[in-house]
Amino acid sequence: MGVSTFRKEHPVRLLCLEKSISWSLFSMLATNAASRQTIDTAPEIPKAYEPQAVEARWYQRWLDAGCFRAQPDAARPERAHAIMMPPPNVTGVLHMGHLLNNTIPDILTRRARQEGKLALWLPGTDHAGIATQSRVEKELRKIGKTRHDLGREKFIETAVQWRDKHGGIILEQLKKLGASCDWDRKAHTLDPDYSQAVLQAFVTLYHRGYIYRGKRMVNWCPVSLTGLSDEEVIMKPQRGLFYRMRYEIVEMPGQFLEIGTTRPETIPGDTAVAVHPDDQRYTHLIGKHVWRPFPRTPIPIVADTLVERDFGSGVLKVTPAHDKADFEIGQRHKLPVLDVMNPDGTMNDLAGPDLAGLDRFKARALAAQKLRTLGNLIKEEPYENNVGFSERADVPIEPRLSEQWFIKYPKIDEAKRALTSGHVRFHPERWNKVYLHWLNNIQDWCISRQLWWGHRIPVWYKKGADRNDPANRHVALTPPPNPENWEQDNDVLDTWASSWLWCLAPLGWLSPGQTTPALKYWYPTTALVTGPDIIFLWVARMIIAGLEFYGEEKTILTDDDIRARIPFHDVYFNGIIRDAQGRKMSKSLGNSPDPLDLFEKFGADGVRLGLLSIAPKGQDILFSEDRIAQGRNFCNKLWNAARFRQMAAKDSPPQLANSIGQILARINPGICDADDHAILASLATTTDTISNALANFDFNTYTSALYQFFWTDFCDWYVEASKPRLQDATTCPTLLAIHDLCLRQFLLLLHPVAPFITEELYHSLGYCSADTYIQNICPESGHKLRAMLASSGLQLNPDAIAQTTLLREFTTAARSLKAQQNQAARKDAHLHLLAKDPAAHTLAETNNGKLKKLIGATSIELHPAETDTSTPPFNANPATPTPLGILFLDITGTVDTTAEKKRLTRELERLEKLITTGQAKLSNEAFVSKAPPQILKGARQQLSETQAKHTEIKRLLNALG
RNA sequence: GGACGAAUAGCUCAGUUGGUUAGAGCGCCUCGUUUACACCGAGGAGGUCGGGGGUUCGAGCCCCUCUUCGUCCACCA
C-alpha cells in the first residue's frame, strides 16, 4: 500500500491499520498527533526528526521479520559474507569503544545484505574468567563469604546464576545501536558446544605435542591469585628507590662488594650474587662468597653473561624464586630456589621473623631500614623503572615459580605467511609489522589459570603419582573409566584459550576435520573489526588456531591450505576512543559518556554517523559530543529534505515507485536543464566513490562523500535551484521525479550507517512497499545509473555540468557583492551583467528567474560586453568580475566609494601576486619544456583568466574616479 | 634500548601514484523568521602545511636530519 492511498485516510483508520500498512511520515504523525491533540486536527509533520520512536519500532519489525537471520546456501558460495563480533565480556556494559567496533561491522553487513549477500554477523559474549570471577567473589564478600566457603561446584553455580542475571546486558544495548546481528546464533564461550570445542582444542594440541606442563617462572597476580600470560601484563613506569648496598666478602673480611637493588625485601631469597665473567673488576672474586645481610648467610659470587656491566656497580643480587632472569642464572649455576613470599604477596617464614607476614611493600620499607641499621646501606636514590602490572587487578605482578600448563604455538611460520602472502590483510597495513615482530619473538603461552570460572583443564592425574610424568595422566574430553583412582587438574584455561576459537566454534566446529554447513559456508569469515590492542591476545592467536584446527591434521601447510584455514580475510583495526583531552576513556576518570544517553540525545543514527565521521583512519579518536551532534544534524537535514519532497507534491501526491525505471518514466528529458544534469552526474559519481570507499574500509571517504553530495550539492544548490520550477505545473512532475531519484539512491547509500532513518524515509516516501526492507535493496552502480538515464533520453551532458559550476560561482559572486554593500538581506536588488560572450549571455538569460531567486534580485539586466560603463547605471556602482562577465549592483547614490576603492585595490593586489608567480612559472624554460601539456595548458589558462580579471577590476577602479 | 604512528586554519581532521590559487566540519565575525530545515541559510576572516637541509621544471606529499607528542615491544637488577 502506498503513501498516496492512505494519505487520504482518516487518522483513526491509520491507527487501526498501523500493523499492516507502510509506516510513513503521515501515519507516524497521525499517531503522534493523536496522542497530543485531537485526532481531527490535520496532521502536521514535525519539523525535527524524533528518532526514539522510529528506532524502537523499526528494530522490532526487523526482528519480527527475521531480517538479520542468515542461512547458508551451498549453491551460492560467492554470496557468503560473515563477520564475528568480538565478544565483549559477558558482564560488561556498553562503552564508547564498543560503539565504533560494532558500527563498522554493521555497516559492512548491511551493505553486504543490500548487495544480495547472505550476510551473517554473529554476536556473542566471552565468559571473561578473571573479571567475572572477581565480580562474583566481590558479591560473596558482601555477605562475608569466600569462594572456598562455597566450594567449587556451588561457586560455579552461583557464578552461572549471576552471569545469567546480569550478563548479556551489553548485547541488549547493542540492539539500541541498531546492530543487525543474527541473534539466533548468539554464542558464549561457556556454552556446552563451545566448551567442548575448547577442550577438544586442548586435547588435540596435547596429543600433537604442543602442550606441556612444567614448573616455570610465571607472572603471578597476588590479587587474583593466578598465573597470567605475558600478554596480560602491562608494563608501567613506576617511581621508587634504588638502594645501593655493600656486602662484605666472606673470604676477605673488611672488603665489600657494592650491589644495587630496587627490591630489598627479596634479600632473604637471594642465593648468590652475580658479575659478568669478563668484568675485570670482579674476576678475582668469582667463586668467593659474600655475606647476605639477613638472614646472615654466605652466598656465592657467580659469573653470568646476563649481568650488565655498565648498570650500577655491575653486580647483581640473584633471587631465583622472584625474578625471571635470576631464575635462569640460578638454573645455570644450580642455585637453591628460596621462595620467601606467599601467593598473596605477603612474606613467609623464610623471609625471617621480622618480615614474615608483612605485605611485600611494607616489607620493602622494613628491609631498607634493616639494611641501614646493619650498616649495609650506602645510599638510596629516587629511581624510575618499569614494573609489570596485572591487566585485570592493576597491581604489580610477582614473578613466581609454579606448576603451569603451556602451549608451544603451532603453525608459526604459516601464521606469518598468512599475512606476508596477503591471505589475511590488515587495515591499516602498518600493523603487519607489529604482528610479525610478535611471531618472530614468540614465547610459550601459559594457559592454566588458578581460577574456577572457566573451562576446567581436561587432564586427570593418577592419585598419588608424579603429575609431571605423562604416563600418569589421562588427557581427554571425558574422565577416565575408573574415576575413583584419578583426580582432575584444578585449574581452568585462560579465557583467550577459548576465545581463540571464536571464528570456529560458533559456526559449529567441534573437532579438526569435522564440519557443519555454516562452517563450510562462512569460514573463512570475511572481515574482523577490532582494536589493535588485542593483536597478540586475540587476532594472532585466532589465525594460529584456524591454521591448526580447521581441516585435517597437517604439519606443513601450502598456500592453498593457508587460504582455506585462515579465520578471516580482512582485519580492520580502529583507533581507541579517547576524550577531548586525549585521555583514554575509563570508568575511574568518569570521562566516558553512557552510549545509551547519547542514543537518547542524538538518536542511534546520529551517534553512528557522528562517530564514523570523527574516526580518522587507524588513528585514535578524540571524542566530543559536538561531533555526535553533527550526526544528528545530518539526520535532521535529511528528514527535512524528505519533508520538503512531500510538501512540494501537495497537488500531486507521491506515487508508490519501487524502481528507478518507474521514476525515470516520470521524467521529461526535454525540460531538464543544466542543474538537473549536474545533480544526477554528482549522484552517479558519489555512488562510485562510496562503493570504492566501502570496499576499501575507507569510512572517512564514505561519510564525507555522503555529506558533500547531500548537503552541498543536493540541499544547498539543487533543491534551492529547483524551487521556481517546482511551482510550474509543466516542470513540476519531472523535478519531483529527479528529487525522487536522488533521495531514493541516497537513502540506499546512507542506509548502512544510518539504518533507522533511511528505512523510515524509504517507506514513507513510497520507494518500497510495506513488506519489503531497504536492507534488501541494492543501490544501482554509478555506471548503471548513467546507462539507465541515457536510455530514457537523459544522456548526462558534461557541458551542462560545467554550466552549473558557472551558475554557482556567479551566484556566490553576486551574493558576495550584495553582502559587501550590506544588501544581503534585500530581495529587491537590481543587477546589471556585462555578459562576457554570447554563451554567458544565453546562460544568464535562460536561468534568469532561477538566478534572481537565488541571489535575491528583482532584475538582472544583460548588456553586451563592450557597453560603455562610464555612465549610469554602471559608473560609481560597485561591481565584481564573475565567470559570466562583470556584474554591477545598482545602488546609485548610496555607494561608499572610498570603501569600494579599498576593496577593489585589495583584490587587485591579490591578483597581481598571482600574475607575477604565474608569469614567472611560464617564463621558466624548464617548466615549459618538462611539465606535462595538461599542466601547462592549465597554468596558461589560469594566468589569462587572472589577467582578464585584473583588467576588469582596474577598469572599475578608474570608473570610481 | 628497539619499532611504529602523529605534527596542515583557534579546535578536530581530509589531502589516493609529486602538478593549476591547500580543503571540510566545528568555533569565530556580519547578515537573515525567503512558502524543508535556526539541529537552518547567505557572506566573511583565518594556514610561511613542526624546524633545517636535499632531489625536482614543480614538494603538504619523496629522501636525510632535528624537535615535540603518543603507542607498542624489551629479563638493566
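Just so we're on the same page: letters track the sequence lines, and every chain starts at 1. The figures that follow rest on heavy atoms only: side chains count, while hydrogens, waters and symmetry mates do not.
- Between B/rU34 and A/K852, no contact under 4.0 Å exists linking OP1 or OP2 to a side-chain N or O.
- Spacing of C1' atoms, B/rA6 relative to B/rG60, comes out at 14 Å, to the nearest Å.
- Contact annotation: A/T701 side-chain N/O to B/rU16 OP1/OP2 distance is not under 4.0 Å.
- The CG atom of A/L726 sits 15 Å away from the C1' atom of B/rU34 (whole-angstrom rounding).
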When every nucleotide of nucleotides 68-77 of chain B is labelled 5' to 3' by its protein contacts under 4.0 Å (heavy atoms), B for base, S for sugar-phosphate only, - for none, what sequence of letters results?
---S-SBBBB
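- We find that CD1 of A/I576 is positioned 14 Å from C1' of B/rA6, with the value rounded to whole Å.
- The shortest distance between the side-chain N/O atoms of A/K433 and the OP1/OP2 oxygens of B/rA3 is not below 4.0 Å.
- At a cut-off of 3.5 angstrom, counting only N and O atoms as typed in the model, there is no donor on one side facing an acceptor on the other between the side-chain of A/Q708 and the base of B/rA14.
- At the heavy-atom level, A/P932 lies under 4.0 Å from base atoms of the strands shown.
- For the pair A/S816 and B/rG44, the criterion of a side-chain N or O lying under 4.0 Å from OP1 or OP2 is met.
- Taking the centre and axis of the six-membered ring of A/F644, the NZ or CZ atom of A/K723 falls inside the cone set by 45° and 6.0 Å.
- The side chain of A/N633 contributes an N or O atom lying less than 4.0 Å from OP1 or OP2 of B/rC40.
- The nearest whole Å value for the distance from the NZ atom in A/K930 to the P atom in B/rG58 is 8 Å.
- A salt bridge does not link A/E380 with A/R244: none of the charged nitrogens is closer than 4.0 Å to a carboxylate oxygen.
- Few gaps surround CD on A/E381; more than 12 heavy atoms of other groups in view lie less than 6.0 Å from it.
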